[in-house]
Amino acid sequence: MIHNVLVTGGLGFIGSETVIALIESGYTPIIVDNLFNAKESVLGRIEVITGVSPRYYRADCCDENAMRKIFAENKFDAVIHFAGYKAVGESVEKPLEYYQNNIGSACVILKLMREFGVKNFVFSSSATVYGVPESVPLFETDPVREATNPYGATKIIIEGICKDFAKADPSFNIALLRYFNPIGAHPSGLLGEDPNGIPNNLMPYISQVAIGKLPVLHVYGNDYNTVDGTGVRDYIHVVDLAEGHVAALKKLDAGCGLVIYNLGTGKGTSVLELVKAFEDANGIKIPYQIEGRRPGDVDASYANCDKAFKELGWKTKLTVEDACRDAYNFQKKNPNGIL
Ligand code: WQD
């Protein structure tokens with residue numbers, strides 16, 4: 001029976017939301033985070049929201065000795081592995097760091113799981129593994145294609161490591177969760193997407209325009225083969241995404257070997273549709289200007305999520321409007337991010 005869950009990267013945007021979902025579902029999460037892309041103060045905010053202050057270790061998942069000590073001190077029943085670098089653009093400039101950090105940390109975790117007999121692994125994968133989609137919606141049976149950036153390549157490589165690892169030892173239960181575009185924030189406004197510097201991703205950029213921190217949204221291209229020419233994505237509320245991890249844990253607990261699930265809404269939303277949803281949800285205008293396309297972007301990417309519903313009993317409950325409202329609420333309460 002899974003009870004103690006190691007959550008690497010557990011103070012990050014998706015990790016912290018998942019820690020909350022785990023606590024609320026009766027699990028005991030133990031957090032490891034090196035604070036490369038998170039703030040330690042998130043721990044106190046988790047406690048305010050849940051009344052629980054999870055055990056936390058500041059450590060780097062690539063540090064095998066440090067991680068071995070943590071495995072030895074805790075009896076983990078499962079691991080949810082979020083820790084990793086995740087900025088697409090940065091991965092193009094610093095490929096070596098991305099390969100070393102993302103693949104290295106995954107190998108250390110899997111090696112220690114084998115050493116300590118921890119048989120249940122949830123990996124934070126990404127729709128990026130589908131590369132440039134030939135058709136949408138995307139199914140789990142669609143081929144993993146050549147990544148369009150080193151970040152995506154690390155996700156493909158780690159999925160491959162997991163598949164080989166599961167083949168070598170069928171007693172392991174592994175869930176590869178392919179996220180589409182996580183957005184939104186915890187409804188309390190205490191936790192949310194808190195990128196360093198100028199946001200690369202659309203929703204945090206819109207939120208910062210909304211509070212006047214940035215002057216205007218730059219829409220990267222309006223000549224795509226989509227409903228209004230702007231890029232179409234599958235925007236999933238981070239609270240729904242967190243629940244998807246709890247549902248996957250239950251599947252692993254029943255014993256399943258290696259399984260793969262898309263976690264999305266099953267709906268595509270264009271950039272301009274998201275802007276309108278944000279404006280309608282919050283009663284605010286978002287100034288924007290159309291620019292050229294951003295290198296590496298695809299026209300459209302959204303999920304078919306029937307498999308997660310059929311096998312996990314999971315589907316999204318919150319809407320894009322809910323996410324826009326929660327994202328704005330978080331941004332207003334944290335104009336300079338989480339300090
Ligand atoms: C969405 C749409 C842009 C910013 C990436 C990673 C993915 C995941 C989520 C980590 C596109 C447009 C964006 C802006 C814009 N990351 N856009 N102006 O590129 O779909 O996915 O982030 O897990 O793995 O690939 O997300 O939010 O950057 O872009 O017009 O200022 O918004 O062109 O159409 P993306 P995004």
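Atoms within a ligand are numbered from 1 in the order they appear, just like the ligands themselves.
Proximity to G231 (heavy-atom distance under 4.0 Å) selects the following atoms of ligand 1: 34 (O). The ligand atoms of ligand 1 that sit less than 4.0 angstrom from a heavy atom of Y151 are 10 (C), 23 (O), 24 (O). Taking a cut-off of under 4.0 Å to the non-hydrogen atoms of S126, the atoms of ligand 1 that pass are 24 (O). Per-residue contacts place V88 under 4.0 angstrom from the following atoms of ligand 1 (heavy atoms of the residue considered): 6 (C), 25 (O). For ligand 1, the atoms closer than 4.0 angstrom to any heavy atom of T128 are 7 (C), 24 (O), 25 (O). Under a 4.0 Å criterion applied to the non-hydrogen atoms of N200, ligand 1 contributes the atoms 4 (C), 28 (O). Close contacts between ligand 1 and V219 involve ligand atoms 30 (O) [criterion: under 4.0 Å to a heavy atom].
For the pair N201 and ligand 1, the shortest N or O to N or O distance falls below 3.5 Å. Not a single N or O atom of K86, backbone or side chain, sits closer than 3.5 Å to an N or O atom of ligand 1. In terms of polar-atom proximity, L202 is counted as a contact of ligand 1, with an N or O under 3.5 Å from an N or O of the ligand.
Y151 and E90 share no donor-acceptor pair across their side chains, judged by distance under 3.5 Å alone. Under the 3.5 Å distance criterion, with hydrogens and angles disregarded, no donor-acceptor pair is assigned to the side chains of T265 and Y235.
In this structure, atom 33 (O) of ligand 1 lies nearest to the protein heavy atom D297 OD2, 2.6 Å. From the protein, the heavy atom lying nearest to atom 2 (C) of ligand 1 is Y235 OH, 3.6 Å. Counting protein heavy atoms only, atom 12 (C) of ligand 1 is closest to V271 CG2, 3.8 Å. Closest to atom 17 (N) of ligand 1 among all protein heavy atoms lies Y220 CD1, 3.7 Å. Regarding atom 19 (O) of ligand 1, its nearest protein heavy-atom neighbour is R294 NH2, 2.9 Å. Atom 26 (O) of ligand 1 has its closest protein heavy atom at N181 ND2, 3.1 Å. Closest to atom 20 (O) of ligand 1 among all protein heavy atoms lies R233 NE, 2.7 Å. The nearest protein atom to atom 8 (C) of ligand 1, hydrogens excluded, is given as F180 O, 4.5 Å; this is a heavy-atom distance.
Salt bridge annotation for K317-D240: absent, with no cationic side-chain nitrogen under 4.0 angstrom from a carboxylate oxygen. The residues K167 and D164 are annotated as salt-bridged, a charged nitrogen and a carboxylate oxygen being separated by less than 4.0 angstrom. Salt bridge status for D169 with R114: absent, with no side-chain N to carboxylate O gap under 4.0 Å. Look at E64 and R68 and you find a salt bridge, because one of the NZ, NE, NH1 or NH2 atoms lies within 4.0 Å of a carboxylate O, short of that distance.
The ring of F76 has its center closer than 6.0 angstrom to the ring center of F71. The distance between the ring centers of F82 and H245 falls below 6.0 angstrom. The distance between the ring centers of Y328 and F278 falls below 6.0 angstrom.
With I80 as the fixed residue, the side chain to side chain contact (heavy atoms under 4.5 Å, CB included) test singles out one of L22, V19, T8: L22.
In terms of heavy-atom proximity, D228 sits nearest to S270 at OD2-OG, 2.7 Å. Closest heavy-atom contact between P182 and I14: CG-CD1, 3.7 Å.
Within the 4.0 Å heavy-atom criterion, the part of H218 lying near ligand 1 is the backbone and not the side chain.
Contact analysis leaves Y224 out of contact with ligand 1, as no non-hydrogen atom separation drops below 4.0 angstrom.
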